[in-house]
Amino acid sequence: MSIVNDSSAVAELAANFDHWEPEQAAQLHETFRALRDKCPVAYSHKHGGFWVLTRYDHVEEVLKNPADFSSRYTSIPRGMFGDFTILPPIQLDPPAHAMFRKLLVKPFTAQNVQRWEDRVRRDCRKVISRFINEGRVEVSSEYAKFIPLRLMATMLGISADDEGRFASWIHRILEVGATDPDGASAAAGEMQVYLAASIADHRASSRDDIISLLLESEVDGDRLTDEDLLGALFLLILAGMDTTWGMITAAILYMSEHPEDRDRLAADPSLLPVAVEEFVRYYAPVHEGRAATRTLQFNGVTIKEGDPLLVCFGAANRDPAAFDDPETLIIDRKKNRHFGFGVGIHRCLGAHLARLEVRLALEEWLRAIPEFWLAEPEKVRWATGQLWSPKDVVVGFPVSATGGSK
Ligand code: HEM
């Protein structure tokens, strides 16, 4: 499929838009550009039909109006884990959403996530030491994945003995779940049983981890039930793992192809916090679903009650109406009001943690491996679905590199 600009071809592109198609995922931003220019409120006939939003102001309008655009169904097509499961708080609308979210906020404040810095650095170094003498590595599965995986296991208080099981559930749900939905459901079920037992354990004796912190969380007399907490832990795992892992991979992929920026960041890590924001703008992985709660007019089209909408945060982030030179990644971009972490009531709860993880993963990588290049460009592919991120990113580096085992 080639991306074209005449109106009838763009209409066809809109009608056939499918974020689950590998060929389309590979040229996602070319499609976004054509839709944003010519058909900004597009209707795709795939998966039973859904609207596709690509303009910055449209995305903002929908996300700031939860009364008309509900978060009950966030996946298109609906319900990877079945529509009976609600993942709080991401699939809750007001007023339930606010009550629930306030109970989860504490562990994720900018100040509270700092306590993980040493742990994340240690994990990065340990993982790098496994391949530092190899001269090449597949970044996604051999480096980036382990940073959020190990941190999440630590935060949840998963014992070293159980880390292998945890890694296997994550693999079955997030890595092969799209092609093996039964395996993903089975893994999700096993993980729920494990987490439910762990919650009961934590009720009996409190520990220094996120489960105890959330069990003890009380705001205005409200507390989380065990069932609430189970749903929330499940969401934290799903929302916090794949996203961060994808961002680390995307940033390393970018640097492997842009040696000047790579060298600047390696020479001056103080540039990293600003660069991380730009990586999140440029490679924003998330597209999230909403459903119209009533029939309404929206920027020239009639959206019917119940219609699903796919809100493309990444497309909004490259809208020329909102950003100068949006298709260029500028590592020291000054003004960057991006939507990579969302906007409105559901904006990312884990954004401070994600920033910390991505920054440290890049800082430790650059310290150990300041020079590297994309070794097998033809292999790189982009994950399909609602989490767009690069896979099979094989980079090479000089074996004389040091620092991984420090
Ligand atoms: C670079 C990594 C990440 C990106 C790009 C990202 C992006 C997003 C986006 C765009 C949303 C809004 C979804 C919506 O409006 O429906 C969101 C929500 C959320 N994220 Fe993240 N996220 C990241 C990492 C994390 C981490 C590390 C955690 C926690 C461990 C986390 C937890 C959440 C939660 C709980 C929500 C739902 C908040 C609510 O509904 O109030 N995320 N994230």
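First listed ligand is number 1; within each ligand, the first listed atom is number 1. Everything numeric here is computed off the predicted structure, so don't read it as measured data.
Ranked by closest heavy atom to atom 42 (N) of ligand 1, the top entry among P88, P285, C348, G289 is C348. For atom 35 (C) of ligand 1, the choice among T244, T243, L349 with the nearest heavy atom turns out to be L349. Looking at G350, G246, P89 and measuring to atom 28 (C) of ligand 1, the nearest heavy atom belongs to G350. When the heavy-atom distances from atom 15 (O) of ligand 1 to M155, E288, R290 are ranked, the shortest goes to R290.
Of all atoms in ligand 1, listed by their number and element, those nearer than 4.0 Å to a heavy atom of A354 are 1 (C), 2 (C), 24 (C). The distance from ligand 1 to the heavy atoms of M152 drops below 4.0 Å at these ligand atoms: 30 (C). Of all atoms in ligand 1, numbered sequentially from 1 with element shown, those under 4.0 Å from a heavy atom of I345 are 41 (O). Heavy-atom contacts of G340 reach the following atoms of ligand 1: 5 (C), 7 (C), 10 (C) (cutoff under 4.0 Å).
Figure legend: cation-pi geometry between R165 and Y194 absent, as NZ or CZ is not positioned both under 6.0 Å from the six-membered ring centre and within 45° of its axis. Taking the ring axis of F146 as reference, the NZ or CZ atom of R130 stays within 45° of it and closer than 6.0 Å to the ring centre. Taking the ring axis of W51 as reference, the NZ or CZ atom of K304 does not stay both within 45° of it and closer than 6.0 Å to the ring centre. At least one cation-pi condition fails for R347 and F341: the charged atom is not both under 6.0 angstrom from the six-membered ring centre and inside a 45 degree cone around its axis.
Taking atom 1 (C) of ligand 1 as the reference point, the nearest protein heavy-atom neighbour is M247 CG, 3.3 Å.
A salt bridge is defined here as a Lys NZ or Arg NE, NH1 or NH2 lying under 4.0 Å from an Asp or Glu carboxylate O, and E376 with R136 meets this definition.
Considering backbone and side-chain atoms alike, R101 places an N or O below 3.5 Å from some N or O of ligand 1. For a threshold of 3.5 Å applied to N or O pairs, the pair formed by H346 and ligand 1 contains at least one separation below that value.
Of the listed residues (R121, R115, R119), just one forms a salt bridge (Lys or Arg N to Asp or Glu O under 4.0 Å) with E117, and that residue is R121.
Checked against the 6.0 Å centroid threshold, H58 and F298 count as a close aromatic pair.
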